[in-house]
Amino acid sequence: MPELPEVDTTVRALRPKVVGQELRSLRVFDPKLAKLPALLNFPAKVEELSRRGKYIIFALPQKLLVVHLRMSGRLAWDEGRGVPKHSRLILEFPEGRVVFIDSRRLGTVEVTEEFREELGPDALGDLSFLDEVLAKSKVPIKVWLLDQRNIAGLGNIYVAEALFLAGIDPRRQASSLKPPEIARLKKAIHQVLNEALAAMGTTLSDNAYRTPAGETGDYEPRVYGKEGLPCPICGTPIERIELGGRGTFFCPHCQK
DNA sequence: TCATCCCTGTGG
DNA sequence: CCACAGGGATGA
C-alpha cells in the first residue's frame with residue numbers, strides 16, 4: 001500500500017510520540033518475527049525516527065529497527081491494551097505503543113547495525129540527476145520509475161499520477177524522453193508527491209492505509225484505478241494495461 | 001528482463 | 001470462483 005507520502009506521513013506522526021522515549025519491549029504475534037526481541041537490549045531509547053525511500057528506521061543505541069510496510073502494512077499509535085486484528089508486532093512505550101498491522105504479512109521488520117539498501121536518490125529531493133540517467137535505460141519509463149534503485153519512494157499510484165501530469169505514455173522507453181518531457185516529469189513527480197503529502201496519502205479502500213491515528217489519506221488519484229472512467233482533462237476513457245507485472249493506468253489521448 | 005513467489009483479503 | 005491488490009526478492 002504505502003508509497004513515499006504514506007510512509008512519510010506515518011513517520012511524521014510517530015516521531016513526536018517515540019523519539020526520546022524508551023522502548024520497553026517487543027510483543028510478537030507472527031512466527032516470522034520471532035527472533036526480533038532477542039536482538040535488542042531493553043529498554044532502548046529511540047534516538048531518531050526517519051524515512052529512507054519507503055523504509056521506516058527506528059534508531060536505537062547501536063541498532064536500527066527497520067520496517068518496510070510492503071503492500072498491506074501500517075503502523076498505528078494507541079494507548080490501548082488489546083491486540084488489533086492482523087497485529088504482527090507491538091512496540092511498547094511508557095505512554096503508548098506502535099502496532100504493526102499487516103494483513104498480508106508481506107511487510108518486513110529487521111534489526112541491523114547499518115542500513116544497507118540500494119536506493120536511488122529520494123523522489124522528493126533534487127531530480128536533476130534524471131537528465132543523465134534516463135538516457136541510459138531502455139526500459140519503459142513506468143518500470144524505471146518503480147525501481148527503487150533508480151529513484152526511491154515512488155510506487156504504482158504516484159508513478160501513474162506523475163506520468164499523467166507530465167503527459168507521458170508509461171510505455172515509452174526511458175531513453176526516448178526529450179529534455180522538455182524530462183522537465184515536465186520532474187515537476188510532475190514533485191507536484192504529485194506534495195499534493196499527496198498535504199492529503200496525508202491515499203486510502204483506496206476500507207481496510208487499507210491509515211495514518212497512525214487511524215485517519216484516512218485523502219489524495220484522490222486522477223488516473224490510478226480509474227479504468228473506463230473519463231480522463232479528467234479530455235474525457236477519453238482511462239485505459240489499463242500491464243507493465244512490469246503491474247496494473248498501469250493512463251489516458252491514451254493525453255499521454256504520448 | 002520476465003515469471004514466480006511471498007501472503008491474505010476483497011470485489012466482480 | 002477468479003482476478004487483482006499501494007512492494008520487492010529471486011531464479012531462470
Side-chain angles (χ1 to χ4, degrees), chain A residues 1-11 29-33 51-56 66-75 84-89 100-110 112 115-120 122-123 136-164 170-175 189 192-193 195-197 199-211 215-229 238-250:
Chain A
M1 93 175 120
E3 308 180 27
L4 185 153
E6 291 77 24
V7 175
D8 206 72
T9 299
T10 297
V11 166
F29 303 93
D30 181 335
K32 278 184 174 178
L33 306 179
R51 173 185 70 75
R52 294 277 293 274
K54 302 177 194 171
Y55 290 84
I56 297 167
V66 181
V67 178
H68 196 300
L69 302 171
R70 296 286 181 98
M71 295 291 268
S72 59
R74 64 191 189 90
L75 298 182
K85 194 173 184 185
H86 302 307
S87 295
R88 299 182 61 200
L89 182 69
F100 177 40
I101 299 167
D102 182 18
S103 61
R104 287 177 71 180
R105 299 197 298 133
L106 297 174
T108 59
V109 183
E110 59 177 342
T112 57
F115 184 78
R116 289 197 165 283
E117 294 295 333
E118 293 179 33
L119 295 179
D122 195 84
K136 297 176 189 163
S137 174
K138 293 193 235 175
V139 306
I141 184 63
K142 184 265 172 73
V143 173
W144 193 93
L145 291 169
L146 274 183
D147 190 331
Q148 303 300 298
R149 295 169 299 187
N150 295 329
I151 178 170
L154 297 174
N156 213 19
I157 294 181
Y158 301 115
V159 164
E161 299 291 292
L163 288 172
F164 173 73
R171 296 166 291 193
R172 294 268 304 278
Q173 272 192 2
S175 59
I189 289 170
V192 161
L193 292 179
E195 285 178 3
L197 282 166
M200 298 196 302
T202 304
T203 297
L204 285 177
S205 70
D206 204 32
N207 230 352
Y209 159 79
R210 297 291 165 114
T211 71
E215 306 147 297
T216 57
D218 297 325
Y219 179 86
E220 179 57 39
R222 294 167 170 86
V223 293
Y224 180 84
K226 305 293 186 185
E227 182 182 16
L229 296 175
I238 299 301
E239 284 186 15
R240 180 191 183 281
I241 60 173
E242 196 116 336
L243 264 187
R246 318 288 303 277
T248 301
F249 300 86
F250 69 105

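Because the structure is a prediction, the values reported are computed rather than measured.
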Below 4.0 Å: OP1/OP2 of [N] and any side-chain N or O of [X]:
{"X": "A:H86", "N": "B:dG9", "value": "yes"}
{"X": "A:K85", "N": "B:dG9", "value": "no"}
{"X": "A:R240", "N": "C:dA5", "value": "yes"}
{"X": "A:R105", "N": "B:dT8", "value": "yes"}

What I'd like to find out is whether the side chain of [X] reaches to under 4.5 Å of the side chain of [Y], using heavy atoms alone.
{"X": "A:R104", "Y": "A:R70", "answer": "no"}
{"X": "A:R222", "Y": "A:E195", "answer": "yes"}
{"X": "A:L145", "Y": "A:L163", "answer": "yes"}

What's the shortest heavy-atom distance between A:P2 and A:G73, and which atoms?
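Distance-wise, the nearest heavy atoms are CG-O, 3.9 Å.
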Looking only at heavy atoms, which two atoms of A:A123 and A:L4 are closest? And how far apart?
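Distance-wise, the nearest heavy atoms are CB-CD1, 4.3 Å.
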Quickly work out the [X] [atom1] to [N] [atom2] distance and round it to whole Å.
{"X": "A:M71", "N": "B:dT10", "atom1": "CE", "atom2": "C1'", "answer": "13 Å"}
{"X": "A:L119", "N": "C:dG7", "atom1": "CG", "atom2": "P", "answer": "14 Å"}
{"X": "A:L193", "N": "C:dG6", "atom1": "CG", "atom2": "C1'", "answer": "14 Å"}
{"X": "A:L197", "N": "C:dG6", "atom1": "CG", "atom2": "P", "answer": "19 Å"}
{"X": "A:L145", "N": "C:dG6", "atom1": "CG", "atom2": "C1'", "answer": "16 Å"}
{"X": "A:D147", "N": "C:dG6", "atom1": "CG", "atom2": "C1'", "answer": "17 Å"}
{"X": "A:I56", "N": "C:dG7", "atom1": "CD1", "atom2": "P", "answer": "14 Å"}
{"X": "A:F100", "N": "B:dC7", "atom1": "CZ", "atom2": "C1'", "answer": "12 Å"}

Give each protein N/O atom lying under 3.5 Å from an N/O atom of nucleotides 8-12 of chain C, with the pair distance.
| residue | atom | partner | partner atom | Å |
| --- | --- | --- | --- | --- |
| C:dG8 | OP1 | A:H68 | NE2 | 2.9 |
| C:dG8 | OP2 | A:K54 | NZ | 3.1 |

In whole Å, measure the gap between the [atom1] atoms of [N] and [M] for me.
{"N": "C:dC1", "M": "B:dC6", "atom1": "C1'", "result": "22 Å"}
{"N": "B:dC7", "M": "C:dG11", "atom1": "P", "result": "15 Å"}
{"N": "B:dG12", "M": "C:dG6", "atom1": "P", "result": "16 Å"}
{"N": "C:dA9", "M": "B:dG9", "atom1": "C1'", "result": "22 Å"}

Return whichever of A:S103 or A:P140 has its heavy-atom-nearest nucleotide of DNA chain B closer to the 5' end.
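Residue closer to the 5' terminus by nearest nucleotide: A:P140.
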Heavy-atom nearest nucleotide on DNA chain B for A:V143 versus A:D206: which residue maps closer to 5'?
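It is A:V143 whose nearest nucleotide is closer to the 5' end.
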Have a look at A:F100 and tell me which of A:L75, A:I56, A:D30 forms a side-chain contact (heavy atoms from CB on, under 4.5 Å) with it.
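Exactly one candidate clears the test, A:L75.
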Sub-3.5 Å donor-acceptor pair from the side chain of A:E6 to the main-chain atoms of A:M200, do we have one?
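No; judged by distance alone, with no hydrogens or angles, the pair does not exist.
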Has A:K136 got a side-chain atom pairing as donor or acceptor with A:A174's backbone, closer than 3.5 angstrom?
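Side chain of A:K136 to backbone of A:A174, a donor-acceptor pair under 3.5 Å: no, none is there.
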More than 12 heavy atoms of other groups within 6.0 Å of A:E242 CD:
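Enclosed.
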Only Watson-Crick and G-U wobble pairs with both distances less than 3.5 Å should count. Give DNA chain B in dot-bracket notation, marking inter-strand partners with |.
||||||.|||||
Name the closest nucleotide to the A:E6 side chain, picking from B:dC7, C:dG6, B:dG9.
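Nearest to the side-chain atoms of A:E6, counting from C-beta on, is C:dG6.
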Which is true for A:T108 with a 4.0 Å heavy-atom rule: it touches a base, it touches only sugar-phosphate, or it touches nothing?
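No contact.
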Need one value for A:Y158: base, sugar-phosphate or nothing, where a base atom within 4.0 Å counts as base even if backbone is also close, heavy atoms only.
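No contact at all - A:Y158 keeps every heavy atom at 4.0 Å or more from the nucleic acid.
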Under 3.5 Å, is there a donor on one side chain and an acceptor on the other for A:Y209 and A:T10?
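No, A:T10 and A:Y209 have no side-chain donor paired with an acceptor closer than 3.5 Å.
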I need the single residue from A:E161, A:E3, A:K142 that forms a side chain to side chain donor-acceptor pair (under 3.5 Å) with A:N156. Which is it?
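Testing each of A:E161, A:E3, A:K142 against A:N156, the sole residue satisfying side chain to side chain donor-acceptor pair (under 3.5 Å) is A:K142.
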